[in-house]
Number of protein chains: 2
Amino acid sequence: MGTTQLETVPEPKYWHLKTVLSEALDSEFSVGEILPNERDLAARFGVARATLRQALEQLELEGRLQRRRGVGTTVAPPRVGVAVGTEQHVWPGAPGDAWQPVDCARTAVPAAVADALGTGRDEPVHTVRRSRTTHGRPVAAELLYVPSASVPDLSAIDTPSGPARARAVLRELQRLELEGRESAVELGSARADDARELDRLPGAPVLVVTTRYIADGRVAALSVATYRADTCRLTFGDSGGVEIHHGPHSRAS
Amino acid sequence: MGTTQLETVPEPKYWHLKTVLSEALDSEFSVGEILPNERDLAARFGVARATLRQALEQLELEGRLQRRRGVGTTVAPPRVGVAVGTEQHVWPGAPGDAWQPVDCARTAVPAAVADALGTGRDEPVHTVRRSRTTHGRPVAAELLYVPSASVPDLSAIDTPSGPARARAVLRELQRLELEGRESAVELGSARADDARELDRLPGAPVLVVTTRYIADGRVAALSVATYRADTCRLTFGDSGGVEIHHGPHSRAS
DNA sequence: CAGTGGTCTAGACCACTTT
DNA sequence: AAGTGGTCTAGACCACTGG
């Protein structure tokens, strides 16, 4: 009875497996190296493939691995830091921002978006699609919703569709005075269209950054940006992408 | 040949299932309601339990469901917004912050933490454990690393251990002048100890917020805060917890 | 084409909570 | 004890990539 609480809890196999693999990745593999295939790995560890996959899934979630169908499993590079909260209050599309306009449409929007914008449910808004890349790799896809009221001088008829129109909308936005910005980050899973753009499978974990741009006391624009959760570390504060080695998630305590 | 690209892609069963369930949640269930158990649901939809679980997993990841072993699956309330980037530059532990000191130890730290702090690998630092709750529910667990150099006047011998000592360390911190703060958010999975504190299973998805507090040109403290990804929406900017209904992840486009 | 990861099945047992 | 979600198995087939 004088014994300290004995660890009677049998650790799940996949959890233990994950630890073992994680240590092996640190010591025996280098970035970009490809691991043995899942069937071999499972056999080597004496577990079913599904169990092995459960461990790999977590490691991928933590950004340690990258798996591609038809290709294999590789050791992922450290996550890249992408700045999302630059202190300067600027509109999207301001010179030097990291986004590239892709397209623009004028459509009805999801109810949640309409509510956040304070527009009517069926009132069409400009929907600008943009994408963001780092080191040549796509890291985020954005939908920017701009109510017509925010860009009153836009001649909708003249401007062509596609990137040019997107740029026109962004240009008009700059004319407003930006009063503030409110952002939120949450976990989500990639919709089919975002997944395609991010070079991932639908349902892949993403960090969704929702930003409301305030001008004239209203929400003048709403941005919903979808970042790859496996490869990105979102930074905000004074500086952009300073290194903290690897994230401290799931290390042995 | 003149046909537009026919959707020859068969949507995975679990993906379709997720959509169906998601719509059912919106229309036929209310927050807190318990769903039928997994075996029944699987039978009802004519799929294996594992497939059904794959759909439930994603819905839980998106904060739509909450599952507890031995109890059941319930409809989750909307995510709570928790502020992580208040504009005021204040030290952790400043009056009115949302955290509660739990414990404090003086230990060696993980290599990644030592590197970020700029201390030696085996140099012990004060490690303060704090927890954060909202509406009575635990939402985050934090480890705050404070090098001895940041709190030189702390009499390590006199102060008792536990919360009192944690408060003493925090109190000493306030005496430094805070010059800046850099934060980053990334996806991780809960370590065993964090999981226990967050009332989740080990490996549960979490949002890891790493913050470096700068004073005197050095990193004076490093905070690693682990937020429940299923229940939290991290907000930063001017205001704290304004409502945007539900996150816009995984809605039909 | 062979080899990879992704999906799916039908079953078993375990850990946990509640009654 | 009964019922829940969590883990695990051993197999099958599919979708995709590359030579």
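Atom set for the values below is all heavy atoms of this structure, side chains included, hydrogens, waters and symmetry mates excluded. Protein chains get the first letters and strands the later ones, always in sequence-line order, with residue 1 at the start of each.
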Flag the pair A:D97 and A:R130 as a salt bridge only when some basic side-chain nitrogen lies within less than 4.0 angstrom of an acidic carboxylate oxygen.
-> yes
Please output the side-chain donor-acceptor pairs of residues 49-56 of chain B that fall under 3.5 Å, not counting sequence neighbours, one pair per line with the distance.
unit_1: B:R49; atom_1: NE; unit_2: B:E38; atom_2: OE1; d: 3.0
unit_1: B:R49; atom_1: NH2; unit_2: B:E38; atom_2: OE1; d: 3.0
unit_1: B:R53; atom_1: NH1; unit_2: B:E38; atom_2: OE1; d: 3.2
unit_1: B:R53; atom_1: NH1; unit_2: B:E38; atom_2: OE2; d: 3.0

To the nearest angstrom, how far is A:R200 atom CZ from C:dG5 atom P?
-> 13 Å
Taking CD from B:Q66 and P from D:dT4, how many angstroms apart are they, rounded to a whole number?
-> 18 Å
Salt-bridge criterion met for A:D26 and A:R64 (N-O under 4.0 Å) | yes
So does B:T73 get a side-chain nitrogen or oxygen closer than 4.0 Å to the phosphate oxygens (OP1/OP2) of D:dG5?
-> yes
Ion pair present between A:R79 and A:D230, side-chain N to carboxylate O less than 4.0 angstrom?
-> no
Whole-Å distance between C:dT7 C1' and A:R69 CZ?
-> 9 Å
Could I get a table of every N or O pair under 3.5 Å where one atom is in the protein and the other is in nucleotides 8-12 of chain D?
unit_1: D:dC8; atom_1: OP1; unit_2: A:K13; atom_2: N; d: 2.1
unit_1: D:dC8; atom_1: OP2; unit_2: A:Y14; atom_2: N; d: 3.2
unit_1: D:dT9; atom_1: OP1; unit_2: A:K13; atom_2: NZ; d: 3.0
unit_1: D:dT9; atom_1: OP2; unit_2: A:A48; atom_2: N; d: 2.8
unit_1: D:dT9; atom_1: OP2; unit_2: A:T51; atom_2: OG1; d: 2.4

Ion pair B:R132/B:E142, N-O distance below 4.0 Å = no
Pick base, sugar-phosphate or nothing for B:L56, based on heavy-atom distances below 4.0 Å to the nucleic acid.
-> nothing
Polar side chain donor-acceptor pair, A:T211 to A:S223, under 3.5 angstrom | no
Between CG of B:D199 and P of C:dC16 the distance, given in whole Å, is 13 Å
In whole Å, what is the span from the CG atom of B:N37 to the P atom of D:dG6?
-> 12 Å
Atom pair distance, as rounded to whole Å: CZ in A:F45 and P in D:dT7 | 19 Å
d(CZ, A:R53; C1', D:dC14) in whole Å = 13 Å
Whole angstrom value for the distance that separates C1' of D:dA15 from CZ of A:R67 | 15 Å
